[in-house]
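Working notes, beginning with the structure itself.
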2 protein chains.
Amino acid sequence: MERTFDTRPGEARPSRSQRNHEERVQHILRHAARVFREKGYEGASIRDISRASGVALSSLYYYCRNKQELLYRIEMFTFSRILERLEERLAGVEDPAEQLRVLVRNHLDYFLEHPDEMKVLAHEEDSLTGRERKEVDEIKRRYYKRAIGIYEALGTKNRVRQLQPRIAVLSLFGMMNWIYTWHRPQVDPGAEELARTISSIFLDGVLEGRDAAATARGRERLARRASQAGSALRASP
Amino acid sequence: MERTFDTRPGEARPSRSQRNHEERVQHILRHAARVFREKGYEGASIRDISRASGVALSSLYYYCRNKQELLYRIEMFTFSRILERLEERLAGVEDPAEQLRVLVRNHLDYFLEHPDEMKVLAHEEDSLTGRERKEVDEIKRRYYKRAIGIYEALGTKNRVRQLQPRIAVLSLFGMMNWIYTWHRPQVDPGAEELARTISSIFLDGVLEGRDAAATARGRERLARRASQAGSALRASP
DNA sequence: CGATTTATGGAACGAACGTTCGATACACGA
DNA sequence: TCGTGTATCGAACGTTCGTTCCATAAATCG
């Protein structure tokens with residue numbers, strides 16, 4: 001049957017049919033991402049995706065095992081690309097502060113270039129289950145660990161506040177990943193200005209120079225006020 | 001028919017039956033919030049809420065017109081409480097930086113006390129439609145505007161970086177609202193430490209003193225590098 | 001060419017969905 | 001004690017869901 005060629009069939013050399021196959025899958029995934037963004041994973045039906053992509057309902061099952069696999073492929077593909085691009089851009093950058101700016105810029109570039117996929121990534125974290133869920137969690141963790149590494153390098157080369165790296169880095173991801181809830185391309189700044197703003201808030205904060213030091217003194221006062229306010233609330237009718 | 005009393009019936013004086021009614025609604029909403037948090041609004045079925053609350057499927061429709069009203073009531077109630085508490089705590093606080101710390105602390109206190117409701121608030125922004133959607137958007141906007149006001153006051157009393165208030169404030173909300181995706185009560189810090197960390201990142205940044213000024217010089221270098229990297233990527237095979 | 005994958009879509013499946021209906025149990029003022 | 005409004009629920013409605021089946025075109029190849 002298959003001994004005419006010494007390469008296993010359907011593995012190397014993407015034949016024309018295979019290239020078409022992969023293109024078709026990408027076509028479906030692009031439209032699926034848009035539908036998932038608009039209606040959410042649970043709210044979107046396979047019929048919606050069929051209609052949006054122009055591929056018949058039952059034909060979708062020729063390319064994907066089920067609905068979950070659509071989401072899984074979108075998430076895996078997107079995470080892989082972001083990580084891939086990040087490593088390319090980090091090559092040769094030594095200063096940790098600049099590494100962090102590169103990470104933010106890379107994240108936001110991808111965010112604004114592929115808003116559908118990125119909203120799905122940020123919004124459908126819990127929609128996968130089983131093996132698919134585990135694999136996405138794993139690549140997400142790799143991304144997170146990369147950021148933690150940069151943050152810790154930042155601490156060895158600079159004077160840094162005593163913050164838990166986990167909390168600091170997840171706050172940074174919060175600033176970035178929340179963007180999908182408010183960013184309107186025609187009104188709001190592009191990736192460059194957003195990245196500059198968020199990097200500068202994270203690294204330098206909002207206040208400049210001695211003002212930052214001045215407000216630091218107010219912090220113990222706040223701690224006292226907060227617990228005061230808490231008990232006052234509980235006592236009120 | 002209804003001329004025996006001069007007060008309109010069922011408006012003033014919450015009778016015992018009315019109190020029980022309101023308690024029952026709150027009971028349902030509490031369980032509904034938990035189910036919405038666990039499965040998402042679309043993924044959760046009325047039958048799930050019936051099972052979780054112990055109220056029969058059809059009885060739920062005695063208390064709420066439909067599924068959307070469950071979500072609407074949860075979101076309105078939660079937003080109202082947060083705003084209410086915020087104003088109580090802000091009373092008498094003059095310094096804008098401290099006002100901002102109070103806002104963060106108030107937000108996170110409510111976040112960790114009512115994680116179900118807060119995840120629903122953060123995660124189901126787009127699930128409502130029509131009149132209900134408009135009303136929730138409106139109260140959300142009031143909250144946002146309050147934060148913008150504090151941020152602008154911060155700018156008049158301190159030396160502040162030239163950042164768009166909209167972007168800065170929405171980044172702050174990003175740090176806070178993203179918490180629901182990662183916070184584990186048994187491992188992660190409570191509201192006080194979280195609020196301290198996030199306030200300090202926002203106001204003072206991660207770097208301290210002259211280090212912050214030193215890295216500022218690196219910014220134009222970054223701008224150049226980023227556009228370089230962008231074209232390099234496009235040119236690569 | 002005829003044989004065999006590759007690709008497509010109409011029709012149907014059982015299950016689950018949001019919602020409604022009608023019967024029943026109970027509390028309470030007249 | 002009777003009648004009326006409040007509260008509850010089992011059963012059912014029509015619709016939509018994810019998925020499968022099967023028949024059939026179109027491309028591939030010895």
Side-chain angles (χ1 to χ4, degrees), chain A residues 1-5 7-11 13-28 31-32 35-36 39-73 127-130 132, chain B residues 1-5 7-11 13-28 31-32 35-36 39-73 127-130 132:
Chain A
M1 260 198 214
E2 38 193 311
R3 12 187 163 80
T4 30
F5 295 101
T7 60
R8 257 163 292 142
E11 285 264 322
R13 299 163 308 123
S15 67
R16 179 154 8 121
S17 74
Q18 273 178 325
R19 228 184 307 122
N20 285 344
H21 189 96
E22 193 51 35
E23 274 172 23
R24 203 94 168 101
V25 168
Q26 291 300 326
H27 170 87
I28 291 171
H31 288 89
V35 174
F36 285 152
K39 319 187 106 184
Y41 175 72
E42 295 286 352
S45 73
I46 301 278
R47 284 168 178 84
D48 290 329
I49 296 168
S50 164
R51 210 172 305 122
S53 63
V55 177
L57 180 58
S58 47
S59 294
L60 292 175
Y61 284 86
Y62 179 75
Y63 293 98
C64 277
R65 200 180 305 103
N66 49 33
K67 187 184 179 186
Q68 179 165 229
E69 187 164 314
L70 286 171
L71 180 58
Y72 166 76
R73 288 213 204 178
S127 300
L128 291 176
T129 63
E132 283 93 342
Chain B
M1 258 200 214
E2 38 191 314
R3 9 184 164 84
T4 31
F5 295 101
T7 60
R8 257 164 291 143
E11 283 265 321
R13 300 161 307 123
S15 66
R16 179 153 9 121
S17 73
Q18 273 180 325
R19 229 183 306 124
N20 285 344
H21 189 94
E22 192 51 35
E23 276 172 22
R24 202 94 168 101
V25 168
Q26 290 301 325
H27 170 86
I28 291 171
H31 287 90
V35 174
F36 285 152
K39 320 185 105 182
Y41 174 72
E42 295 285 353
S45 74
I46 301 280
R47 284 167 177 83
D48 290 329
I49 296 169
S50 164
R51 210 173 304 122
S53 64
V55 178
L57 180 59
S58 48
S59 294
L60 292 175
Y61 285 86
Y62 180 75
Y63 294 98
C64 278
R65 200 182 304 104
N66 49 33
K67 188 184 179 185
Q68 179 166 225
E69 186 164 314
L70 286 172
L71 180 58
Y72 166 74
R73 289 212 203 178
S127 300
L128 291 177
T129 62
E132 283 93 342

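Sequence lines set the chain letters: A, B, ... in the order given, protein chains first and strands last, and positions in each chain run from 1. Computed from a predicted model, the values in this text were never measured in an experiment.
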**Prompt:** Given axes from five pairs at either end, by how many degrees does the helix from dC1(C)-dG30(D) to dA27(C)-dT4(D) bend, rounded to 10°?
**Reply:**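 Axis-to-axis angle, ends of the helix: 10°.
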
**side chain to side chain donor-acceptor pair (under 3.5 Å) partners for S127(B), two or more places apart** =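 Expected list: E124(B).
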
Examine [N]: is either OP1 or OP2 under 4.0 Å from a nitrogen or oxygen in the side chain of [X]? Give yes or no.
X      : N       : answer
H21(B) : dT6(D)  : no
Y61(A) : dC21(D) : no
S45(A) : dC17(D) : yes

Between [atom2] on [N] and [atom1] on [X], what's the gap in Å once rounded to a whole number?
X      : N       : atom1 : atom2 : answer
Y62(A) : dT8(C)  : OH    : P     : 8 Å
E22(B) : dT6(D)  : CD    : P     : 16 Å
N20(A) : dA7(C)  : CG    : P     : 8 Å
I46(B) : dA12(D) : CD1   : P     : 21 Å
E42(B) : dC17(D) : CD    : C1'   : 12 Å
I28(B) : dA7(D)  : CD1   : P     : 11 Å

Considering all heavy atoms of both residues, which atom of [X] and which atom of [Y] are nearest to each other, and what is their separation?
X       : Y      : answer
R73(B)  : V25(B) : NH1-CG1, 3.3 Å
H31(A)  : H27(A) : ND1-O, 2.9 Å
T129(A) : Q68(A) : N-OE1, 2.7 Å
S50(A)  : A56(A) : OG-C, 3.6 Å

**Residue pairs fulfilling side chain to side chain donor-acceptor pair (under 3.5 Å) with at least one residue in residues 51-63 of chain A, sequence neighbours excluded** =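 For residues 51-63 of chain A: D48(A)-R51(A).
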
**Nucleotide nearest R47(B) when distance is taken to its side chain, options dT19(D), dG18(C), dA7(C)** =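 So the nucleotide nearest the side chain must be dG18(C).
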
Working to the nearest 0.5 Å, report the span between [atom1] of [X] and [atom2] of [Y].
X      : Y      : atom1 : atom2 : answer
I46(B) : L57(B) : CD1   : CG    : 7.5 Å
L70(B) : Y41(B) : CG    : OH    : 7.5 Å
L71(B) : K67(B) : CG    : NZ    : 9.0 Å

**Request:** Could you check whether R24(A) gets within reach of a base, just the sugar-phosphate, or nothing at all, counting any heavy atom under 4.0 Å?
**Result:**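 Counting heavy atoms under 4.0 Å across all strands, the contact made by R24(A) is with sugar-phosphate only.
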
**Asked** Does any N or O in the side chain of N20(A) come within less than 3.5 Å of the main-chain N or O of E23(A), such that one atom is a donor and the other an acceptor?
**Response**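 Side chain of N20(A) to backbone of E23(A): no pair is present.
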
**Asked** Who are the side chain to side chain contact (heavy atoms under 4.5 Å, CB included) partners of E42(B), not counting sequence neighbours?
**Response**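 E42(B): side chain to side chain contact (heavy atoms under 4.5 Å, CB included) contacts with E42(A).
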
**Request:** Enumerate the residues from residues 65-72 of chain B whose closest heavy atom to DNA chain C is under 4.0 Å, giving them by residue number; use none for an empty result.
**Result:**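 Correct list: N66(B), K67(B).
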
**Asked** Between residues 49-60 of chain B and DNA chain D, which residues have a heavy-atom gap below 4.0 Å?
**Response**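 Contacts with DNA chain D under 4.0 Å: A56(B), S58(B), S59(B).
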
